[in-house]
Undergrad: 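I am attaching a structure below and will ask some questions about it afterwards.
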Number of protein chains: 2
Amino acid sequence: MSVPSVAPSIQPAQALPAEPTQASRFGKARSAQSGALLEDYVELISDLLASGGEARPTDIARRFGVAHATAIKTIGRLKREGLAVAKPYRGVFLTEAGDHLAARVRARHRVVVDLLLALGVPCEAAESDAEGIEHHVSDATLAAFARFLAQG
Amino acid sequence: MSVPSVAPSIQPAQALPAEPTQASRFGKARSAQSGALLEDYVELISDLLASGGEARPTDIARRFGVAHATAIKTIGRLKREGLAVAKPYRGVFLTEAGDHLAARVRARHRVVVDLLLALGVPCEAAESDAEGIEHHVSDATLAAFARFLAQG
DNA sequence: CTCGGAATGTAGCCTAGGCTACACTCTGTT
DNA sequence: AACAGAGTGTAGCCTAGGCTACATTCCGAG
Ligand SMILES: [Mn+2]
Ligand SMILES: [Mn+2]
Ligand SMILES: [Mn+2]
Ligand SMILES: [Mn+2]
C-alpha cells in the first residue's frame, strides 16, 4: 500500500548488486499493486457508509462486480489489517485507520481524474484509467499533479 | 459516477440499468493489472536482446529482483501466451507478437515518463511511478499525453 | 578430458484474489 | 407464528506470482 507510506517489513540487505535501481522500481510497482484492492475497498465502504448509512457485503460485491464470497473474503483481510471491523450479519465499518486511508485515497483519486481531464482525456477513459493509475501515484507525483491543476 | 457528492437519499427506481459502470471500471483495472507483468517481461527481454544479444533467465530475474525460479515460471507463461520462445539452456527470444508488444510497451513507457517529468515530478519518482502507471494508460489517455507533450 | 561452479530447470509450498456450491441467519409478508 | 427469499458465511477449488530446496545441464579451467 502506497498511500499511507507504510514501509515494508524486512529486507535481506542486498549490498553487492550494482543496479538495484530497476529492481526496486519493479518492486515498488508490485507492492503498490498489492495494496490497490484494499484501497478501493476502504474508499467504497466509506462512500457507502456516508451515503446510505451502511455497507453490506452484497452491495460491495455488486459495486465491484465480484461474487459476494469474494467480497467477504477481502473484508476479512481488511479486518486482519486493522482497517475495518464487522460482526456477522451486522455490516462493515471502518476503523480510524481505515477512515483515514479512505480520505487519502478519495482525495488522490479525485486529483488523478482531474489531471487526466485537464490533459484532455475523454471523461469515461479518465474515470476508467484513474481507477488503476491512482494506486501507483506517489506523494511526490501527487504533489506535482496538484501544482499543475492549481496553476492551470 | 465517481465520488458521490452528497447523499441521494432515495433511488429514482432505476432498477433496470443497474450500474455496470463502476464495476466495469474496476474490472478493467484488474485485467490491465494481469497483463502488467507480461508487458514488463517482453520489454525487458527486448532490451536485453537488443543490447547484449541474449536474454538469460538469471539476468531477467536479477533485473526484476525476483528469484530465478520465478522468472523461469513467468517465461513459461510468456511461451504459453505466444509471446516468447525458449529452448532449455538456450536463452529466451520473442515471437513476432512479443516483439510488437515490446515496441508498443516501450513507446508507452517513454511517453508516461516524459509526461510525469513535464509535470515537474522528480526524476526518480517519475521512473518509479511510471513503472506501475503505464499499464493502466489506455490508448485514449496515451494520445492525450502525447498531445500535451507535443505542444507544451 | 575432466571436473567444479554457475546457470537452468523442477517440485513443492505459500498468499492473494477469483469462482461455485452449499449452509445458515434474518426479515418482511402472510 | 411461519415461512420464503434475500443476505451472509463457509468450504473447497483454481490461477498467478512469489519463495526455497534440490536436481540437472553446461562450460571454461586446468
Ligand atoms: Mn482504484
Ligand atoms: Mn478509486
Ligand atoms: Mn511496468
Ligand atoms: Mn516499463
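Convention: sequence-line order gives letters A, B, ...; per-chain numbering from 1.
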Undergrad: Are any of Arg80(B)'s side-chain N or O atoms less than 4.0 Å away from OP1 or OP2 of dA16(D)?
TA: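 Checking dA16(D) against Arg80(B), a side-chain N or O does come within under 4.0 Å of OP1 or OP2.
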
Undergrad: Within the 4.0 Å limit for protein heavy atoms, which parts of nucleotides 1-11 of chain C are touched? Write it as a string from 5' to 3', B for base, S for sugar-phosphate only, - for none.
TA: ------SBBBB

Undergrad: Mind checking what makes side chain to side chain donor-acceptor pair (under 3.5 Å) contact with His68(B), not counting sequence neighbours?
TA: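 Checked His68(B) against side chain to side chain donor-acceptor pair (under 3.5 Å); zero matches.
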
Undergrad: Could you identify which residues cluster with Ile72(A), counting Ile, Leu, Val, Met, Phe, Trp and Tyr as linked when any side-chain heavy atoms lie under 4.5 Å apart, either directly or through a chain of such contacts?
TA: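 Once heavy-atom contacts under 4.5 Å are chained together, Ile72(A) still belongs with nothing else.
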
Undergrad: To the nearest Å, how far apart are Gln33(B) CD and dA16(D) C1'?
TA: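 Result: 11 Å.
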
Undergrad: Would you mind telling me which residue lines up with the more 5' stretch of DNA chain D, Val66(B) or Glu81(B), judged by nearest nucleotide?
TA: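 That would be Glu81(B).
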
Undergrad: So which pairs with a foot in residues 79-92 of chain B pass side chain to side chain donor-acceptor pair (under 3.5 Å), sequence neighbours left out?
TA: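 Listed once each, the pairs would be none.
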
Undergrad: Give a yes-or-no answer on whether the side chains of Gln33(B) and His135(B) include a donor-acceptor pair shorter than 3.5 Å.
TA: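 Looking only at side-chain atoms, His135(B) and Gln33(B) do not form any donor-acceptor pair under 3.5 Å.
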
Undergrad: Given atom CD of Glu54(A) and atom P of dT27(C), what is their separation to the nearest angstrom?
TA: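 Result: 10 Å.
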
Undergrad: Whole angstroms only, please: what is the CG-C1' distance between Leu38(B) and dG18(D)?
TA: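 So the CG-C1' distance, Leu38(B) to dG18(D), works out to 15 Å.
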
Undergrad: How long is the line joining CG of Leu78(A) and P of dG9(D), in whole Å?
TA: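 My rounded result for the distance is 13 Å.
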
Undergrad: How would you list all residue pairs meeting ring-ring contact (aromatic ring centres under 6.0 Å, His included) that involve residues 36-57 of chain B, not counting sequence neighbours?
TA: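 The answer is Tyr41(B)-Phe64(B).
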
Undergrad: Partners of Phe93(B) by side-chain contact (heavy atoms from CB on, under 4.5 Å), sequence neighbours excluded?
TA: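 Residues passing side-chain contact (heavy atoms from CB on, under 4.5 Å) with Phe93(B): Leu49(B), Val85(B).
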
Undergrad: In whole angstrom, give the distance that lies between atom CZ of Arg62(A) and atom C1' of dC19(C).
TA: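 In whole Å, dC19(C) C1' and Arg62(A) CZ are 19 Å from each other.
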
